[in-house]
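Notes follow once the structure below has been shown.
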Amino acid sequence: MFTSTKNKSYRDSFSHRAGKATSKKQKSFKEYAPARKIITQQPSPVRSTPTKSPASSSPTSPNLNSAIVTICVGPAQRLFAAHEDVLSKAPFFAQACRAQFFETSGKRIDLPNEEPEVFSAVLEYLYKGDYIPKLIYDKKRASWLLDDADTAGSAQGESTVYNNGIGGPVLKDTAIYCSAHRYALPDLQRLALKKQGLASGVQCSTILASARYAYAHTPASDSKLRAHYLALIIRSRATFKRSGTLQAEMERGGSALFFDLFVAMVNHLVSCTLGGG
């Protein structure tokens, strides 16, 4: 009887301790349960941050899983390849890709009148948001300039491209501006125009050839590039007079460029006269 009482007390004490241990575990579980909920809710702010990254990151990151489109450029039919999503940033190419929606052998776009060097710059812009030489802002001088790292060691002639249509060189930025207008890329037009304004040391004959090209490949309503050339020729009229190229071109006449140039020069003379008086 003493033994049974002792065993009973052991059992009671064991169950009492076990009950305490069990109750502590249950209490511990209840206390840490809210902590699990907090941990599961923490990733939600982290997921929200990458949604802003595509806008500020490289344009290539979200668009590299689309189909590859082949572009055949120029009289020599030089081939380029680009992702459809990237190429479709330009409405011109987006429409061309939609027109070949049911093509099973791969989409192909032909640009027989485009120059490969110009299209290469357009394609670089669609992927990277700029084209070589890159445009950078000098905070000390509070002005824009072209990246020296891109222009160092390059030939001076690379500021121009040979155009098969006119059989001679034109300024590369002018050709890019006109192509950007054709592909409906207004931001590229503004970039090319800003780079055009930074050009220096260009021959008079190249300026006139580029001005004629600009007039032939932009509508009358798009006066930004045209106005740039008119202002450039008027500012450099002494240089053009010495070279004789402007006189020969004006005697040839018969184009909207020289009519606008005549009007601009008259307006300039009138403003100088009134300002001097």
Side-chain angles (χ1 to χ4, degrees), residues 55-61 73-74 78 80 82 86-87 89-90 114-164 166 168-218 222-240 243 245:
S56 57
S57 61
S58 172
T60 61
S61 54
V73 181
R78 181 175 170 182
F80 290 82
V86 176
L87 200 62
K89 292 178 182 179
E114 184 64 279
E115 299 300 329
E117 295 82 2
V118 175
F119 181 75
S120 178
V122 173
L123 199 58
E124 184 180 4
Y125 169 80
L126 290 175
Y127 272 96
K128 300 179 180 179
D130 201 349
Y131 62 91
I132 294 177
K134 295 181 177 64
L135 188 68
I136 59 176
Y137 184 73
D138 188 345
K139 294 182 179 179
K140 293 182 179 179
R141 300 179 181 178
S143 61
W144 293 95
L145 50 87
L146 298 176
D147 191 358
D148 293 335
D150 295 334
T151 56
S154 62
Q156 186 177 1
E158 288 186 0
S159 62
T160 63
V161 293
Y162 183 86
N163 183 271
N164 289 279
I166 66 174
V170 296
L171 287 172
K172 180 180 178 180
D173 295 317
T174 294
I176 292 173
Y177 181 98
C178 296
S179 293
H181 170 74
R182 181 164 62 254
Y183 304 142
L185 291 168
D187 289 341
L188 178 56
Q189 285 183 271
R190 285 188 285 269
L191 178 62
L193 186 62
K194 186 172 288 187
K195 291 186 178 184
Q196 176 80 55
L198 298 174
S200 60
V202 183
Q203 295 181 358
C204 293
S205 58
T206 303
I207 293 176
L208 289 176
S210 301
R212 288 196 303 270
Y213 182 88
Y215 265 76
H217 294 86
T218 57
D222 188 359
S223 59
K224 293 180 180 179
L225 184 60
R226 296 184 176 195
H228 165 79
Y229 275 110
L230 295 177
L232 176 62
I233 293 172
I234 291 174
R235 286 197 309 268
S236 309
R237 58 189 180 277
T239 304
F240 278 97
S243 67
T245 54

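These values consider heavy atoms only, across backbone and side chains, with no hydrogens, waters or symmetry-generated copies.
The distance from the SG atom of C178 to the CG atom of L225 is 6.0 Å, given to the nearest 0.5 Å. Here K134 contributes atom NZ and L145 contributes atom CG; the two are 14.0 Å apart, rounded to the nearest 0.5 Å. Atoms CG and NZ, from L123 and K128 in turn, are 10.0 Å apart once rounded to the nearest 0.5 Å. Remark: L171 CG to N163 CG distance equals 12.0 Å, nearest 0.5 Å. Atom OH of Y183 sits about 10.5 Å away from atom CG of L188, to the nearest 0.5 Å.
Between the side chain of K89 and the main chain of L126, a donor-acceptor pair closer than 3.5 Å is present. At least one donor-acceptor pair closer than 3.5 Å links the side chain of R226 to the backbone N or O of T218.
Taking P116 as the reference, V73, R78, F80 meet the side-chain contact (heavy atoms from CB on, under 4.5 Å) condition, with sequence neighbours excluded. A search for side-chain contact (heavy atoms from CB on, under 4.5 Å) contacts involving K195 returns D130, Y131, L135, L146, D173, L191, not counting sequence neighbours. Legend: residues meeting side chain to side chain donor-acceptor pair (under 3.5 Å) with Q196, ordered by chain and number and at least two apart, are T174.
Residues A209 and P169 share a closest heavy-atom pair of CB-O, 4.0 Å. Contact record, Y215 with L230: OH-CD1, 3.7 Å, taken as the closest heavy-atom pair.
Shown here is E124, whose CD atom has more than 12 heavy atoms of other residues, nucleotides or ligands within 6.0 Å.
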Query - Verdict with supporting geometry, E114 and R182, side-chain contact (heavy atoms from CB on, under 4.5 Å) - result: CA-CA 11 Å; E114 184 64 279; R182 181 164 62 254; 3.0 Å; yes

Report task. Report the C-alpha separation of D222 and Q189 in whole Å, then their side-chain angles, then the decisive distance to 0.1 Å, and conclude whether the side-chain contact (heavy atoms from CB on, under 4.5 Å) test is met. Result -> CA-CA 11 Å; D222 188 359; Q189 285 183 271; 3.2 Å; yes

Report task. I would like to know whether Y229 and S210 meet side-chain contact (heavy atoms from CB on, under 4.5 Å); could you show each step before the answer? Result -> CA-CA 9 Å; Y229 275 110; S210 301; 3.1 Å; yes

